[in-house]
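First comes the structure, then the notes that go with it.
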Amino acid sequence: METDKIQYGNSQDPVIKIEGLYKSFDELDVLKGVDLMLKKGENLAVLGKSGTGKSVLIKLLVGLLKPDRGNITILGQQLDKLNRKELNALRLRIGFSFQNSALYDSKSVYGNLSFPLTMNVKNLTKKQVDDAVEEALDAVGLLDKIGRRTEELSGGQRKRLGIARTLILKPEIMLYDEPTAGLDPVTCIEINALIVEMQQKYKTSSIVITHDLTCAKTTCERIAMLLDGKFLKTGTFEEVFETEEEQIKQFYSYNFTL
Amino acid sequence: MNRVGARKYLFSKKIDSYFEGIYKGYQFALRFFKEAFTSPFHLREIINQCFEIGLRSLPLITMTGFIIGIVFTKQSRPSLENFGAVSWLPSLMGIAIARALGPLVTSLICAGKVGSSISAELGSMKVTEQIDAMEVSAIDPFKYLVVTRVWATSISIPVLSFYCSCVGLLGSYYNVSTEEATSLQVFYTNAFSNISFLDLFSSMTKSIVFGFTIGIISCYKGFFASNGTSGVGKATNQAVILSMFLIFLEELIIVQIVNWIRYF
Ligand SMILES: Nc1ncnc2c1ncn2[C@@H]1O[C@H](COP(=O)(O)OP(=O)(O)OP(=O)(O)O)[C@@H](O)[C@H]1O
Ligand SMILES: [Mg+2]
């Protein structure tokens with residue numbers, strides 16, 4: 001695995017490459033030929049209406065779901081060619097922040113962070129674990145909640161803890177599933193700043209799924225519009241929204257008349 | 001891609017999914033055997049679960065075991081009295097409890113108490129995506145959650161069964177001692193005199209099988225729970241019912257086999 005990492009120094013290659021991806025559930029076709037590319041160091045926003053398959057798309061990227069057809073290449077490795085061990089090694093380099101946070105509710109705030117760390121990195125001293133946990137919590141501004149139980153956290157705090165839990169493994173790619181959904185504007189701004197900070201501080205490349213155009217605009221260099229199971233338009237914010245496409249215009253005006 | 005009508009059912013939707021369920025369960029159990037003996041073992045989690053299952057069930061098992069000992073002795077006494085064979089009471093109870101009652105009662109209680117809590121826990125972890133979260137942080141949820149719990153039930157339920165049998169005999173002695181002047185030592189000597197090694201062995205085997213059944217069924221039901229919180233309730237319910245049903249079935253089969261060995 002180490003050698004892969006060194007080989008992958010080439011900054012020209014995309015970190016994520018998706019080609020012709022299809023996914024359906026029973027009779028429901030969700031993704032119908034998705035192509036997408038994520039460049040190194042870039043933040044990409046994926047926009048789209050509820051139920052268009054945004055969450056499904058990033059679950060496919062970490063192997064939580066299997067595609068019906070199509071190729072996914074992440075950090076130079078083709079996903080369907082990996083065995084379980086290789087897949088797990090790859091997953092460690094990807095941070096996945098769930099739409100509903102998916103915190104381990106039987107564990108404390110501290111436990112939520114130390115669990116993935118101690119399970120994946122052997123022979124850490126107590127001090128090393130403590131330091132790593134404190135650093136991750138500090139990054140999301142939750143250091144004072146370290147000893148609390150997860151049910152004592154508010155929605156925004158849960159979101160941030162979910163992000164901290166992925167940070168602790170120092171991922172090269174971050175996948176955020178609606179990091180700002182259902183939060184107040186102030187917390188949204190905080191989380192947006194956090195996403196940008198992660199990009200700069202840890203040099204991560206990210207996909208940010210969102211309904212929220214402000215979030216997309218402040219955190220991402222590029223935007224991709226998912227409609228009808230395909231990417232309708234990809235490009236910078238201006239490129240995507242300077243269009244005559246009715247559905248995109250609708251999405252835009254709806255967001256900004258609110 | 002028009003896939004409507006592409007899928008046909010072999011019999012009907014219900015029957016198909018029933019057999020699919022059996023097959024999936026079989027695969028699930030198979031996967032346990034594949035992964036139960038390879039590292040990482042998560043020994044700490046196994047010990048944790050053993051304590052969780054064993055210690056938490058202790059008060060209930062103690063009470064039930066004791067009461068069952070008393071009740072069965074009380075109920076058996078008149079029939080034995082008819083034959084003037086009250087002195088056989090200890091050995092009768094010894095056989096009844098060691099061979100059948102101890103493992104069966106313990107397992108049925110644990111199917112309710114332990115099985116439901118395992119499937120509810122795993123089920124709610126499933127529907128709140130905590131299991132997926134483990135998976136994406138490269139922790140094998142099957143190993144960490146399922147294998148450890150099945151190990152724990154397979155270890156602690158035999159121990160609890162043995163304990164339940166001892167307490168049951170104590171209950172029986174309590175009842176005997178109120179009616180006749182028997183010392184505990186005489187009672188136990190009588191009780192154990194008719195229990196063979198085969199009895200103990202079959203009881204142990206039985207309770208290991210029961211423990212395994214409870215663990216694997218409740219993990220299976222929890223691990224594949226769907227449809228939100230109501231799905232968790234349903235999974236828990238099914239886990240308890242199915243474990244109890246299988247325990248009776250296995251009891252029947254094992255008794256047949258043991259009898260066959262006994263009179264061979
Ligand atoms: N495990 C599943 N089984 C069956 N259908 C599913 C499954 N997961 C998702 N779907 C279906 O796929 C479609 C896309 O779901 P997805 O969760 O990706 O939407 P989304 O774009 O993330 O929406 P939202 O913005 O509301 O989160 C939905 O219609 C959903 O019903
Ligand atoms: Mg979603």
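Chain letters run A, B, ... following the sequence lines, proteins first and then strands; every chain starts at 1.
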What part of [X] gets closer than 4.5 Å to chain B, counting heavy atoms only: side chain, backbone, both or neither?
X        : value
A:Lys122 : neither
A:Leu87  : neither
A:Tyr104 : both

Residue-level interface, residues 35-52 of chain B with chain A, non-hydrogen cut-off under 4.5 Å: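 Within residues 35-52 of chain B, the residues under 4.5 Å from chain A are B:Glu35, B:His42.
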Neighbours of chain A found in residues 132-154 of chain B - heavy atoms under 4.5 Å: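 Those residues of residues 132-154 of chain B which have a heavy atom under 4.5 Å from chain A are B:Asp132, B:Ala133, B:Met134, B:Glu135, B:Val136, B:Ser137, B:Ala138, B:Ile139, B:Asp140, B:Tyr144.
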Test side-chain hydrogen bond (donor to acceptor under 3.5 Å, both in side chains) applied to A:Asp177 and A:Ser101, A:Ser97, A:Ser55, the passing residue: A:Ser55
Cation-pi check for [Y] against [X]: NZ or CZ below 6.0 Å from the six-membered ring centre and within 45 degrees of the axis, yes or no?
X        : Y        : value
A:Lys32  : A:Tyr22  : no
A:Lys170 : A:Tyr202 : no
A:Lys23  : A:Phe25  : yes

Ring centre gap for A:Phe98 and A:Phe96 strictly below 6.0 Å: yes
Ring centres under 6.0 angstrom apart (B:Tyr220, B:Phe224): yes
Donor-acceptor side-chain pairing of A:Tyr176 and A:Thr166 below 3.5 angstrom: no
Most chain B-contacting option - heavy-atom pairs closer than 4.5 Å, from A:Arg84, A:Lys59, A:Gln99: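 Max contact count across the listed options: A:Arg84.
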Top contributor to chain B interface from A:Asn100, A:Ile94, A:Val62 [non-hydrogen pairs under 4.5 Å]: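 Among A:Asn100, A:Ile94, A:Val62, the one with the most close pairs to chain B is A:Asn100.
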Main-chain N/O of [Y] paired with [X] side-chain donor or acceptor, under 3.5 Å:
X        : Y        : result
A:Asp138 : A:Glu134 : no
B:Asn237 : B:Gly233 : no
A:Thr204 : A:Met174 : no

Verdict with reasoning, A:Ile173 to A:Ile74, per side chain to side chain contact (heavy atoms under 4.5 Å, CB included): CA-CA 9 Å; A:Ile173 300 174; A:Ile74 299 181; 3.7 Å; yes
Flag side-chain contact, heavy atom, 4.5 Å: A:Arg158 against A:Leu161: no
